[in-house]
Amino acid sequence: MQKTKVLYVEDEPFLGKIVKESLESRSFDVCMVADGQLVSRLFEEYKPDICVLDIMLPNKDGYEVATSIRQKNPQIPILFLTAKTQTEDLLKGFQAGGNDYIKKPFSMEELIVRMQNLLQITYRKSQVSSQTISIGRYEFNPQRYELKLGDKLRKLSYRETELLSILAENQNFTVNRKEILLRVWDDDSFFNSRNLDVYITKLRDYLKEDTSVQIITIKGVGYNFLVGR
């Protein structure tokens with residue numbers, strides 16, 4: 001059986017050694033690097049299945065590394081390891097292309113569960129054939145992370161795509177807020193609930209050129225994605 005390939009970026013030698021050996025003992029194949037500047041070349045050569053990134057790195061921080069990786073591969077799961085717990089730091093990580101984060105110090109069991117969850121989500125998405133979804137006058141391609149209106153093309157982030165996919169699946173129906181949080185962020189914490197508000201505002205702005213498309217807030221319940229016929 002082919003091992004899952006992990007690109008692990010960590011500049012703390014002691015922690016790096018422990019995590020690398022622990023993952024390898026669980027049948028992962030691990031390529032570890034300590035310098036953010038070296039990641040781009042290694043990513044091309046190693047072709048990982050998942051990336052685990054520290055944020056505080058020499059020469060190029062984890063945010064920059066994630067942005068670079070996401071440009072090369074929009075689908076690959078990225079997990080941040082971080083000692084930073086401020087809301088703005090975590091939001092910056094998601095905006096850079098991260099799919100999840102885990103706070104230091106952490107247990108190996110939690111790290112592995114989070115990695116496996118991201119890998120399963122990525123696998124399920126890869127099984128869905130590429131298709132374009134009509135949303136009013138817009139054309140939405142979730143596999144390409146694209147929203148198109150006429151000749152205007154907008155590239156979406158990972159979470160924008162995930163959220164719009166859920167809404168598009170439920171055109172003219174109400175989607176429960178908690179269901180969205182669990183599907184997109186894997187938990188319904190207050191922090192992620194605030195993130196959802198931010199992303200809903202973004203999508204409303206992206207879709208504003210077609211007045212037949214509306215994201216209606218149903219207070220205490222969720223959202224009704226109204227799309228005119």
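Numbering of residues begins at 1 and proceeds along the displayed sequence. Just so it is clear, the model here is predicted, and its values are computed rather than measured.
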Peer 1: What's the shortest heavy-atom distance between Phe140 and Pro142, and which atoms?
Peer 2: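 Heavy atoms of Phe140 and Pro142 come nearest at O-CD, 3.4 Å.
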
Peer 1: Over 60° means perpendicular and under 30° means parallel, so tell me whether Tyr158 and Tyr145 are parallel, tilted or perpendicular.
Peer 2: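 It falls in the tilted class, 30° to 60°.
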
Peer 1: Should Glu162 and Arg183 be marked as a salt bridge (Lys or Arg N to Asp or Glu O under 4.0 Å) after you check the CA-CA gap, both sets of side-chain angles, and the distance that decides it?
Peer 2: CA-CA 8 Å; Glu162 290 288 288; Arg183 284 185 59 179; over 6 Å; no

Peer 1: More than 12 non-hydrogen atoms from neighbouring residues, nucleotides or ligands closer than 6.0 Å to NZ on Lys178, yes or no?
Peer 2: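 For Lys178, atom NZ is not crowded (no more than 12 foreign heavy atoms under 6.0 Å).
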
Peer 1: Is Ile180 close to Tyr223 at the side-chain level, that is, under 4.5 Å between some pair of heavy atoms?
Peer 2: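 Yes, close enough: below the 4.5 Å cut-off.
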
Peer 1: Side chain of Asn73, backbone of Ile69: donor and acceptor closer than 3.5 Å?
Peer 2: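 Checking the backbone N and O of Ile69 against the side chain of Asn73, no donor-acceptor pair under 3.5 Å is found.
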
Peer 1: Considering only heavy atoms from C-beta outward, does the side chain of Gln95 approach that of Thr67 to under 4.5 Å?
Peer 2: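 Side chain of Gln95 against side chain of Thr67, heavy atoms only: no contact under 4.5 Å found.
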
Peer 1: List the steps, then state whether side-chain contact (heavy atoms from CB on, under 4.5 Å) holds for Val9 with Asp54.
Peer 2: CA-CA 6 Å; Val9 189; Asp54 187 22; 5.7 Å; no

Peer 1: Assess whether salt bridge (Lys or Arg N to Asp or Glu O under 4.0 Å) is satisfied between Glu160 and Arg154, documenting all intermediate values.
Peer 2: CA-CA 11 Å; Glu160 289 168 351; Arg154 181 185 295 275; over 6 Å; no

Peer 1: Quick check: is Ile50 connected to Val113 through a chain of hydrophobic side chains (ILVMFWY, heavy atoms under 4.5 Å apart)?
Peer 2: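 Cluster IDs for Val113 and Ile50 differ.
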
Peer 1: Ignoring hydrogens, what is the shortest heavy-atom contact between Ile135 and Phe225? Give both atom names and the distance.
Peer 2: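 Nearest pair, atom of Ile135 first, then Phe225: CG2-CZ, 3.6 Å.
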
Peer 1: Do Arg70 and Asn99 have side-chain N/O donor and acceptor atoms under 3.5 Å apart?
Peer 2: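 A donor-acceptor contact under 3.5 Å links the two side chains.
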
Peer 1: Identify the two heavy atoms, one from Glu139 and one from Ser134, that lie closest to each other, and give their separation to 0.1 Å.
Peer 2: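 So the minimum-distance heavy-atom pair works out to OE2-OG, 3.2 Å.
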
Peer 1: Closest heavy-atom contact between Asp49 and Lys3?
Peer 2: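 Heavy-atom minimum between the residues: OD2-O, 4.0 Å.
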
Peer 1: Evaluate the side-chain proximity of Asn172 to Leu226: yes if any heavy-atom separation is below 4.5 Å, no if none is.
Peer 2: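 They are in contact (side-chain heavy atoms under 4.5 Å apart), so the answer is yes.
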
Peer 1: Got a list of side-chain donor-acceptor pairs under 3.5 Å for residues 196-204, not counting sequence neighbours?
Peer 2:
from	atom 1	to	atom 2	distance (Å)
Asp197	OD1	Arg177	NH1	3.2
Asp197	OD1	Arg177	NH2	2.8
Thr201	OG1	Asp197	O	3.0
Arg204	NE	Ile215	O	3.0
Arg204	NH2	Ile215	O	2.8
Arg204	NH2	Thr217	OG1	2.7

Peer 1: Does Phe43 reach the side chain of Cys51, with side-chain heavy atoms less than 4.5 Å apart?
Peer 2: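 Contact flag for Phe43/Cys51 side chains = yes.
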
Peer 1: Could you pull out the closest heavy-atom pair between Leu119 and Pro77, with the gap in Å?
Peer 2: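 In this case the closest contact between Leu119 and Pro77 is CD2-CG, 4.3 Å.
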
Peer 1: Check for me whether Lys5 meets the cation-pi criterion with Tyr46, that is, NZ or CZ under 6.0 Å from the six-membered ring centre and within 45 degrees of the ring axis.
Peer 2: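 Lys5 over Tyr46 ring: yes.
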
Peer 1: Are Leu156 and Leu153 co-members of a hydrophobic cluster defined by side-chain heavy atoms under 4.5 Å apart?
Peer 2: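 As far as the 4.5 Å side-chain criterion goes, Leu156 and Leu153 are not connected within one cluster.
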
Peer 1: How about Lys104 and Leu81: do any of their side-chain heavy atoms sit closer than 4.5 Å?
Peer 2: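 Contact flag for Lys104/Leu81 side chains = yes.
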
Peer 1: Hey, is CE on Met108 packed in by over 12 heavy atoms from elsewhere, all under 6.0 Å?
Peer 2: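 Yes.
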
Peer 1: List the atom of Asp210, the atom of Arg137, and the distance in Å for their closest heavy-atom pair.
Peer 2: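 Reported closest heavy-atom pair: OD2-N, 2.7 Å.
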
Peer 1: Heavy-atom distance under 4.5 Å between the side chains of Trp185 and Phe94, does that happen here?
Peer 2: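 Counting from C-beta outward, Trp185 and Phe94 do come under 4.5 Å.
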
Peer 1: My understanding is that only one of Val39, Leu53, Ile78, Val52 makes a side chain to side chain contact (heavy atoms under 4.5 Å, CB included) with Leu7; could you say which?
Peer 2: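 Of the listed residues Val39, Leu53, Ile78, Val52, the side chain to side chain contact (heavy atoms under 4.5 Å, CB included) partner of Leu7 is Val39.
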
Peer 1: Residues in salt bridge (charged side-chain N to carboxylate O under 4.0 Å, His left out) with Arg26, at least two apart?
Peer 2: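 Partners of Arg26 under the salt bridge (charged side-chain N to carboxylate O under 4.0 Å, His left out) test: Glu109.
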
Peer 1: Could you please spell out the steps behind the side-chain contact (heavy atoms from CB on, under 4.5 Å) verdict for Phe106 and Arg114?
Peer 2: CA-CA 11 Å; Phe106 55 86; Arg114 287 180 179 269; over 6 Å; no

Peer 1: Kindly indicate, with the supporting measurements, whether the criterion salt bridge (Lys or Arg N to Asp or Glu O under 4.0 Å) is fulfilled by Lys155 and Glu146.
Peer 2: CA-CA 5 Å; Lys155 296 295 289 186; Glu146 293 177 350; 3.4 Å; yes

Peer 1: First locate atom CD of Gln75, then atom CZ of Arg144, and finally report the distance between them rounded to the nearest 0.5 Å.
Peer 2: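 Answer rounded to 0.5 Å: 10.0 Å.
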
Peer 1: In the single-linkage hydrophobic clustering (I, L, V, M, F, W, Y; side-chain heavy atoms under 4.5 Å), do Leu118 and Ile112 co-cluster?
Peer 2: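 Yes, Leu118 and Ile112 fall within the same hydrophobic cluster.
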
Peer 1: Do Met115 and Leu23 come within less than 4.5 Å of each other through their side chains, counting heavy atoms only?
Peer 2: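 Yes. Closest side-chain heavy atoms under 4.5 Å.
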
